[in-house]
Each structure stands twice: as structure tokens, then as C-alpha cells.
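Single-structure report; data block below.
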Amino acid sequence: MKKGVYSILKARFLVNEDATKNWRFIVFVIVLAILMIANTHNFEQKVFRITELTSEVKELRSEFVDKRSELMKLKMESTVSEKMKERKIFPSQVPPKKIKVKKPIEKTFFQKLWQ
């Protein structure tokens, strides 16, 4: 037991005749660790980007609601009539009349000929 721990501390497993197997395994573990670190870093960047975009969407949605309510207020008849009074344009006292357009009757060739 004491000899095994002592050989590990002296790193004899790295200089033995079958050390290439050990080195390959160590390099493999190091490459896996680097890949895991890179993957975690990439994941964290995406999480920060998602958080940033979510807050931007909330801000834009609130701005949209504000602009929509402002537009509704501007489209109201009372607001439009107030703006027109400034230009001395007043609402008509005569109600509008509906105009009906009748579809012309298609005449046949002989009817067109006798006209």
C-alpha cells in the first residue's frame, strides 16, 4: 500500500515501459476537460443573450402598448374635431347621404348594334 502511493507520488506510471497508454489516457482526459469548459462557457453566453433579449422584448412590448394607446386617442373623433377647430374646419351639419352605384347591365351584341 505504501509502495503504491509512493509510486503514484513519484509519477512512476508516467515513465514506465507502458507509459504511452497512461499518457494517452491523460491527454484524453485533458481534452475532455477543455471541451467541457468550452461547452459550459458557450452555454453561459447563450443564457446571458437570452436574458438580454427577453428584457428587450418586454421593453419593446410596453413601448408598443403605449404607442397603440396614443394612436387610439389620436383617432378619436373628439381629438380630430379639436384639431380641425384650430384650422377653422367644423363638422358638417347636413348628414351624409349614401351613394349607391348600380352595376350596368351587360348588353348583348344585337342590343349594342341597334343603339
>> Looking at E77, I'd like to know if its CD atom is crowded, meaning that more than 12 non-hydrogen atoms belonging to other residues, nucleotides or ligands lie closer than 6.0 Å.
In response: no
>> Looking at F43, I want to see if its CZ is surrounded by more than 12 non-hydrogen atoms of other residues, nucleotides or ligands under 6.0 Å.
In response: no
Hey, does [Y] have a side-chain heavy atom less than 4.5 Å from the side chain of [X]?
{"X": "I26", "Y": "I30", "answer": "yes"}
{"X": "V65", "Y": "R68", "answer": "yes"}
{"X": "V80", "Y": "M76", "answer": "no"}
{"X": "E82", "Y": "K85", "answer": "yes"}
{"X": "L53", "Y": "E56", "answer": "yes"}

>> Measuring from atom CG of L35 to atom CD1 of I37, what distance do you get when rounded to the nearest 0.5 angstrom?
In response: 9.5 Å
>> If I take atom CD from residue Q45 and atom OG1 from residue T40, how far apart are they, to the nearest 0.5 angstrom?
In response: 11.5 Å
> Would you say the side-chain atoms of T54 pair up with the backbone N or O of I50, donor to acceptor, closer than 3.5 Å?
Replying inline: yes
> Does the pair V57 and R61 meet the rule for a side-chain contact (heavy atoms from CB on, under 4.5 Å), with working shown?
Replying inline: CA-CA 6 Å; V57 164; R61 185 171 289 137; 3.9 Å; yes
>> Check K83 with E86, please: is the shortest side-chain N to carboxylate O separation under 4.0 Å?
In response: no
